[in-house]
Amino acid sequence: MATALITGSSRGIGAAIALRLAQDGYDIALNDISEAMFEDNDIMEKITACGVKCEKFIADVSKYDHCEEMVKAVKDTFGSLDVLVNNAGITRDGLMARMSEEIYDLVIAVNQKSVFNMTKLAGTIMMKQRSGRIINLSSVAGLYGNAGQLNYSASKAAIIGMTKTTAKELGSRGITCNAVAPGFIQTPMTDKLNEDQKKAILNMIAMKRYGQVEEIAGVVSFLASKDASYVTGQVIEISGGLSM
Ligand code: NAD
């Protein structure tokens, strides 16, 4: 049985990806920053109901030593690591003029450095296996920028460069690396926007609605599947036509 590790997967897009990959037949390694994130939700039950194995691993993916311990534990528990989804991410929005250095550094560490940590560590296992799929969560903010999100858009643009470089470095070992760039998806992250912000965003979307987490999970499932075996270094925008 193949194994998928999804970071930041107790809720939101990460949980939807984990459930979809479980439905595809993968054993699932869930991750989040604290045990508390798994309280009051039934993601583990939903995944085990698919007939696959599921374990949770508590780690702060911005910290290399946490990632090292987690990747080793996943390999020891499941025997292989076939799909890595770098999903964990945070926003700490504010105009650049008022953004503190601490807040800038925090978002870069959680969203961007985590991708280095996890890709380096999981990539080592995948190189030995001579197969693997790495899927990174970028954002339309990384493609086009977004006022009030200098830190977030920097991290999400960096992920695009990291995706292409990983694809070039690991391609000869049978490993693909792609990114998805969601637009506005209904999750706890976007629930924080006020009504005026939500209205302005809907006006820009051709499909005149927010995306659902399952609509991101479906594309990730495709990128992890056999059908995507010759797709690498690509960024797929999933935004309901936000950018046209
Ligand atoms: P979310 O806040 O609902 O979920 C993010 C998860 O990551 C949470 O469970 C959180 O606890 C976890 N996390 C945060 N810091 C962590 C850390 N240091 N270590 C481990 N886990 C950590 O957000 P979401 O909307 O589901 O977003 C998931 C991903 O998709 C993020 O990378 C986000 O930037 C990206 N994205 C989301 C949207 C959107 O509209 N929701 C749009 C574009 C991109």
Side-chain angles (χ1 to χ4, degrees), residues 5-20 29-41 43-44 56-71 74 84-93 103 105-118 121 135-146 149 151-160 162-163 179-193 197-198 201-202 204-205 207 209-217 219-220 235-240 242-243:
L5 165 58
I6 306 97
T7 66
S9 47
S10 71
R11 70 177 194 193
I13 293 171
I17 292 170
L19 183 57
R20 176 60 196 262
L30 295 170
N31 153 260
D32 218 295
I33 192 164
S34 70
E35 194 70 48
M37 293 301 298
F38 288 96
E39 280 163 18
D40 303 326
N41 75 41
I43 185 64
M44 285 196 78
K56 61 179 179 326
F57 300 85
I58 305 304
D60 176 348
V61 288
S62 70
K63 303 214 161 65
Y64 190 81
D65 56 337
H66 285 213
C67 294
E68 203 167 24
E69 217 171 280
M70 171 163 68
V71 169
V74 169
L84 166 67
V85 184
N86 284 311
N87 167 81
I90 57 169
T91 51
R92 292 292 184 276
D93 298 348
I103 287 297
D105 288 345
L106 174 68
V107 170
I108 297 295
V110 174
N111 294 5
Q112 178 184 334
K113 184 170 176 241
S114 63
V115 175
F116 164 73
N117 294 343
M118 292 301 299
L121 291 159
I135 299 144
N136 295 327
L137 270 286
S138 180
S139 165
V140 289
L143 287 168
Y144 312 115
N146 197 22
Q149 291 198 311
N151 47 4
Y152 183 78
S153 59
S155 69
K156 294 299 179 180
I159 286 173
I160 293 173
M162 294 165 92
T163 299
V180 293
F184 289 87
I185 311 302
Q186 210 168 349
T187 70
M189 187 179 266
T190 45
D191 288 344
K192 288 189 288 190
L193 297 170
Q197 287 171 313
K198 287 183 183 172
I201 288 163
L202 282 179
M204 297 188 296
I205 301 173
M207 297 188 77
R209 65 170 179 85
Y210 280 123
Q212 299 299 315
V213 289
E214 293 77 14
E215 294 176 306
I216 307 302
V219 177
V220 171
V235 184
I236 302 183
E237 184 174 326
I238 314 166
S239 68
L242 179 75
S243 61

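For ligands, and for the atoms within them, numbers begin at 1 and follow the listed sequence.
Here Arg209 pairs with Glu215 under the salt bridge (charged side-chain N to carboxylate O under 4.0 Å, His left out) rule; sequence neighbours left out. For Thr163, the side chain to side chain donor-acceptor pair (under 3.5 Å) partners at least two apart in sequence or on another chain are Asn136. Residues passing the salt bridge (charged side-chain N to carboxylate O under 4.0 Å, His left out) test with Asp60 are Lys63, sequence neighbours excluded.
Under the 4.5 Å side-chain criterion, counting only non-hydrogen atoms from C-beta, Thr190 is not in contact with Ile185. You'll find the side chain of Ile17 reaches within 4.5 Å of the side chain of Leu137, heavy atoms only.
In this structure, ligand 1 sits under 4.0 Å from heavy atoms belonging to Gly8, Ser10, Arg11, Gly12, Ile13, Asn31, Asp32, Ile33, Met37, Ala59, Asp60, Val61, Asn87, Ala88, Gly89, Ile90, Val110, Leu137, Ser138, Ser139, Tyr152, Lys156, Pro182, Gly183, Phe184, Ile185, Thr187, Pro188, Met189, Thr190.
Remark: Asp40 CG is loosely packed, at most 12 non-hydrogen atoms of other residues, nucleotides or ligands lying under 6.0 Å away.
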